[in-house]
Amino acid sequence: MSPMLDRLLQGIFDTLLMIGASSLIVFLVGIPLALVLVTTGPGGIFEARALNRALGSVVNVLRSIPFLILMVALIPFTRLIVGTSYGVWAAVVPLTIAATPFFARIAEVSLREVDFGLVEAAQAMGCQRRHIIWNVLLPEARPGIVGGFTITLVTMINSSAMAGAIGAGGLGDLAYRYGYQRFDTQIMLTVIILLVVLVTLIQFGGDRLARLLNKRV
């Protein structure tokens, strides 16, 4: 096996590791965050407008910071969490912090699109608020949440390539060090093709799963 093929395989593995670890945290944190934003808003089942405004402001601020700037600003925090500011695991921290508010807002939109009549019907039948969340809001919003998570994954792949170019490893690092710095067009094209294939597979899988979960289709 040639050294360059070894580097390509390692780059693919590092990128998948970055995205896999980050996306798991984003999913586990983003959905509860979206639920809090929806249920504490005006007319929500846990209405708390002060909390909603404060949390919404934090989400909006984090979403407005470009990823590259956020990654640099988080270097001290990243070093505190994982012990280093370089490498795959160092990239997981800014990737997670950048993608979580993005996904939370998309999931929030999907949850808000649930027919409020269903919530009212559940309340009329005496359902507790936690049951409304688990049995009404989340099941009805699943297609939109899956579609939003797919978009988030694609965005994270783009960000991981950017992170790789400044020391995080993965395909971005490979393209920068061996493609850009050494003017190797073949490496650049190979990395581009790999990223396009990865994005296409994720988008196809996410769209198909969203259609399967959509009871209206």
Side-chain angles (χ1 to χ4, degrees), residues 16 18-65 67 70 81 92-159 198-217:
L16 292 177
M18 268 190 285
I19 299 303
S22 303
S23 61
L24 178 61
I25 301 172
V26 168
F27 188 81
L28 294 177
V29 176
I31 289 181
L33 181 57
L35 285 168
V36 172
L37 289 169
V38 170
T39 57
T40 60
I45 58 177
F46 291 101
E47 185 172 349
R49 298 194 180 192
L51 173 62
N52 185 268
R53 284 195 295 269
L55 192 58
S57 298
V58 173
V59 169
N60 290 336
V61 168
L62 289 175
R63 285 182 60 208
S64 66
I65 303 174
F67 176 73
L70 180 65
I81 296 298
V92 169
V93 177
L95 277 173
T96 302
I97 294 176
T100 298
F102 178 81
F103 173 57
R105 281 300 190 192
I106 296 179
E108 179 191 3
V109 171
S110 299
L111 289 165
R112 291 193 186 280
E113 289 179 346
V114 174
D115 187 357
F116 191 70
L118 296 174
V119 177
E120 290 181 325
Q123 289 174 324
M125 289 187 293
C127 290
Q128 296 182 8
R129 289 179 289 188
R130 68 175 184 273
H131 294 150
I132 294 174
I133 291 173
W134 284 107
N135 300 318
V136 178
L137 290 177
L138 287 174
E140 291 294 323
R142 279 185 306 181
I145 290 175
V146 170
F149 190 61
T150 302
I151 295 172
T152 303
L153 283 175
V154 172
T155 303
M156 291 174 70
I157 291 173
N158 294 334
S159 298
L198 183 58
V199 167
T200 301
L201 290 174
I202 289 174
Q203 190 68 58
F204 175 79
D207 290 344
R208 184 171 179 80
L209 180 58
R211 284 195 299 270
L212 290 174
L213 292 174
N214 191 349
K215 295 180 292 184
R216 290 169 292 183
V217 176

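Heads up: numbering here begins at 1 and tracks the sequence. Please read these numbers as outputs of a predicted model, since none were measured by experiment. Side chains included, hydrogens not; waters and symmetry mates left out as well; all remaining heavy atoms used.
- Side-chain atoms of L37 and R105, non-hydrogen and from C-beta on, do get closer than 4.5 Å to each other.
- At least one donor-acceptor pair under 3.5 Å links the side chain of R129 to the backbone N or O of I45.
- Residue V92 comes nearest to A21 through the heavy atom pair CG2-CB, 4.2 Å, listed as atom of the first residue, atom of the second, then distance.
- In this structure, CD1 on I97 lies 9.5 Å from CD1 on I25, to the nearest 0.5 angstrom.
- The CD1 atom of I157 sits 10.5 Å away from the CE atom of M18 when rounded to the nearest 0.5 Å.
- Formation of a donor-acceptor pair under 3.5 Å by the S23 side chain with backbone atoms of G20 is found in this model.
- Separating the OG1 atom in T152 from the CD1 atom in I19 is a distance of 11.0 Å, to the nearest 0.5 Å.
- Here the CZ atom belonging to R112 is positioned 10.5 Å from the CG atom belonging to L137, to the nearest 0.5 angstrom.
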* Between T39 and L111, is a side-chain contact (heavy atoms from CB on, under 4.5 Å) present by the stated rule, with each step listed? -> CA-CA 9 Å; T39 57; L111 289 165; over 6 Å; no
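- Considering all non-hydrogen atoms of both residues, S22 and M156 come closest at CB-CE, 3.2 Å.
- Atom-to-atom distance recorded for I202:CD1 and I151:CD1 is 12.5 Å, nearest 0.5 angstrom.
- The heavy-atom pair separating I81 from V93 by the smallest distance is CG2-CG2, 4.2 Å.
- Within the structure, ring pair (Phe, Tyr, Trp, His ring centres under 6.0 Å) pairs that include any residue of residues 92-122 comprise F103-F149 (at least two apart or interchain).
- Here the closest heavy-atom approach between residue I106 and residue G148 is recorded as CG2-CA, 3.3 Å.
- Using modelled atom types, one side-chain atom of S64 and one backbone atom of V61 make a donor-acceptor pair closer than 3.5 Å.
- The minimum heavy-atom distance linking A34 with A107 is given by the pair CB-CB, 3.6 Å.
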* **Pair I145-L138, side-chain contact (heavy atoms from CB on, under 4.5 Å): steps then yes or no** => CA-CA 9 Å; I145 290 175; L138 287 174; 4.3 Å; yes
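- Closest heavy-atom contact between G206 and V146: O-CG1, 3.6 Å.
- At a threshold of 4.5 Å between non-hydrogen side-chain atoms, the residues Q123 and I132 count as touching.
- V29 is not listed as a side-chain neighbour of T96, based on a closest heavy-atom distance of 4.5 Å or more.
- To the nearest 0.5 Å, atom CD of residue E113 and atom CD of residue E108 are 11.0 Å apart.
- Using a 4.5 Å cut-off on side-chain heavy atoms (C-beta onward), L55 and L33 make contact.
- Other residues, nucleotides and ligands place more than 12 heavy atoms under 6.0 Å from the CZ atom of F46.
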